[in-house]
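Here the structure is laid out as structure tokens; the discussion comes afterwards.
The chains referred to below are lettered A, B, ... by the order of the sequence lines, with proteins before strands, and numbering in each begins at 1. Values below: all heavy atoms of this structure, side chains included; hydrogens, waters and symmetry mates excluded.
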2 protein chains.
Amino acid sequence: MPANFPEMSATAEVEAYNHVQRALRLGRYKPGDRLIPEEIAAEIGMSRMPVREAFRRLASDGLVVLRPNRGCVVAGLTVDELFEIFEIRSVLEGLAVRLAMPRIDEEEFEELDRLLERMERAGQSGGGDWVVRHQEFHGRICALSQRPKLIHQISALHVVIEPYMRIWFDDCNKPLSAREEHAAVIAALRSGDAHHAEQVMQEHVLGTAPLLAEFVSPSR
Amino acid sequence: MPANFPEMSATAEVEAYNHVQRALRLGRYKPGDRLIPEEIAAEIGMSRMPVREAFRRLASDGLVVLRPNRGCVVAGLTVDELFEIFEIRSVLEGLAVRLAMPRIDEEEFEELDRLLERMERAGQSGGGDWVVRHQEFHGRICALSQRPKLIHQISALHVVIEPYMRIWFDDCNKPLSAREEHAAVIAALRSGDAHHAEQVMQEHVLGTAPLLAEFVSPSR
DNA sequence: AAAAGTATTTTTGTATCCACGTATCATCAA
DNA sequence: TTGATGATACGTGGATACAAAAATACTTTT
């Protein structure tokens, strides 16, 4: 008999949550689309109850909107909301960098360089997933902060903006300044000045918003 | 026939969510307590299903922990987690103050003074709810930032720490430096220096954590 | 043909039901 | 006495059933 992996047999609710979240991140559903529990339940072979429960969490994450008696629709971000999320990310990720600073050793710097390199490669050969690589870089720094709740909040925001990042990358197809700015973050971390590194990260995050917004609501 | 107020007849899930959240904020349930859907459902006259759904959102808020096949228990914060939340609050509320600055007029300053006064009165005559007044002060400044998502995140954190704030206030019974620090925040806002005001708020929030922690895990 | 009303279908919200997992506690062996 | 074993009660996860609300299609009327 094969070994029993308890994480394999997650509850149906978890399965439904992951399934829908993944589809939303990949942009398979578009803002305004109506999600019908029955359909999704059928897709993954369960009843609609666990799907309904998953919807509650997705709504709490801000990924969908639930209105009484009229179901679940995919949430869309206005340009203002997009800016707001980047504003929040800027201070949270700034904090993460500040906290990460004293925990970074030379080995870790090499890992960050590697991640930077991987992102660049993914950006050039459109095949690799640039958006995921980009997130991995940010995620690695957050992880270094050693703050579970902070990490969780930041990654929740990354999920919300992921579909927009994908549209952005698909359209403009060049990570533009991302490589330089990430390199600047690493440099700031190497400098040992925590306050400065926080500042650089804040500016990197905030600086991305207007570029991204241009693709969400073109030429305003 | 009376007018129909649609917000009065919310769904059962909303009712369950509010009911349990309120109980948690007031400290009626203690960390580690097991919440049995059947019991709660009976209390407010509904079946288990809406309660189960409410649990998902409460778990997403970090108020309870849901583990497969072993139900719902009230989440407790370790001292580390408490500090982490105050760290996050410090940058979020710092951001809120920075954004609020350009939107405050003289009338608003008077309102803040009034809220400060009300908090002080509630602190002296133990009757009024000091914790709520304290939150109202912070909430007002957040509201001035005009950032719905920021406001939402901050208030979610306030809910999580509310039970600990209550224990703190009940035990030490003096808001201590709160009045002075809030006054300092107002003063910083009046100064017109956004960066300085952000700094003052960050320090106020961070400074509260160690005092509070002392009551959560006494004399460590 | 447009508007209004009505019937029909779909979907949501909630309750109930059942199978399985977990905890509790008594029993028994060492 | 202690530790394993098994029976029992309880709770959880999920499916199904049913009522109420919305959305949709279909008349009817003008």
Side-chain angles (χ1 to χ4, degrees), chain A residues 1-21 23-24 29-61 63-75, chain B residues 1-21 23-24 29-76:
Chain A
M1 211 214 269
N4 182 18
F5 297 106
E7 65 275 20
M8 272 191 54
S9 61
T11 65
E13 188 270 347
V14 171
E15 208 181 327
Y17 178 86
N18 290 337
H19 177 89
V20 177
Q21 198 221 40
L24 289 167
Y29 301 129
K30 297 280 173 235
D33 282 2
R34 184 133 167 239
L35 298 184
I36 289 128
E38 195 105 46
E39 286 177 13
I40 291 162
E43 276 177 46
I44 46 187
M46 63 180 67
S47 80
R48 55 197 191 82
M49 286 310 309
V51 178
R52 270 178 66 90
E53 290 177 22
F55 282 176
R56 299 289 180 195
R57 282 206 288 151
L58 292 164
S60 205
D61 295 342
L63 293 171
V64 302
V65 176
L66 248 37
R67 283 169 57 211
N69 286 317
R70 57 190 65 178
C72 176
V73 300
V74 177
Chain B
M1 210 216 270
N4 182 17
F5 297 105
E7 64 276 20
M8 272 190 53
S9 60
T11 65
E13 186 271 347
V14 171
E15 208 181 327
Y17 178 86
N18 291 337
H19 176 88
V20 177
Q21 199 221 39
L24 289 167
Y29 301 129
K30 298 279 173 235
D33 282 1
R34 182 130 171 242
L35 298 183
I36 289 128
E38 192 104 43
E39 287 176 13
I40 292 163
E43 276 178 45
I44 48 186
M46 63 179 68
S47 79
R48 292 167 36 208
M49 286 311 308
V51 178
R52 274 173 60 97
E53 291 178 20
F55 281 176
R56 299 290 179 191
R57 283 205 289 150
L58 293 163
S60 204
D61 295 343
L63 293 171
V64 301
V65 176
L66 248 36
R67 282 167 60 208
N69 287 318
R70 57 188 71 170
C72 177
V73 300
V74 178

* To do: Of all the heavy-atom pairs spanning F55(B) and I40(B), show the shortest one and how long it is.
  =>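 Of all heavy-atom pairs spanning F55(B) and I40(B), the closest is CZ-CD1, 3.8 Å.
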Look at the side chain of [X] and decide which nucleotide, out of [options], has an atom nearest to it.
| X | options | value |
| --- | --- | --- |
| R70(B) | dA23(C), dA15(C), dT12(C) | dA23(C) |
| M49(B) | dT12(D), dA15(C), dT14(C) | dA15(C) |
| N69(A) | dT14(C), dG14(D), dG13(C) | dG13(C) |
| S47(B) | dT12(D), dT16(C), dT12(C) | dT16(C) |
| R48(A) | dA17(D), dG14(D), dA23(D) | dA17(D) |

* Reckon E38(B) touches a base, only the sugar-phosphate, or nothing at all at heavy-atom distances under 4.0 Å? ->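 No contact at all - E38(B) keeps every heavy atom at 4.0 Å or more from the nucleic acid.
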What is the distance from [atom1] of [X] to [atom2] of [N], rounded to the nearest Å?
| X | N | atom1 | atom2 | value |
| --- | --- | --- | --- | --- |
| I36(A) | dA21(D) | CD1 | P | 21 Å |
| E13(B) | dT12(C) | CD | P | 15 Å |
| I44(A) | dA15(D) | CD1 | C1' | 15 Å |
| L35(A) | dT12(C) | CG | C1' | 14 Å |
| M46(A) | dT12(D) | CE | C1' | 16 Å |
| E39(B) | dG11(D) | CD | C1' | 11 Å |

* Take atom CD of E43(A) as the centre, draw a 6.0 Å sphere, and report whether it contains more than 12 heavy atoms from other residues, nucleotides or ligands. =>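 More than 12 heavy atoms, drawn from other residues, nucleotides or ligands, come within 6.0 Å of this atom.
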* **Salt bridge present between E13(B) and R57(B) (N-O < 4.0 angstrom)** =>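 Counted as a salt bridge, because a side-chain N and a carboxylate O are separated by less than 4.0 Å.
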* Using modelled atom types only, decide if a donor and an acceptor are shared between the side chain of D33(B) and the backbone of K30(B) within a distance under 3.5 Å. =>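 Flag set: sc D33(B) to bb K30(B) pair under 3.5 Å.
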* Asked: Starting at the 5' end of DNA chain D, which residue's closest nucleotide do you reach first, R56(B) or R34(B)?
  ->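 Final value for this comparison: R34(B).
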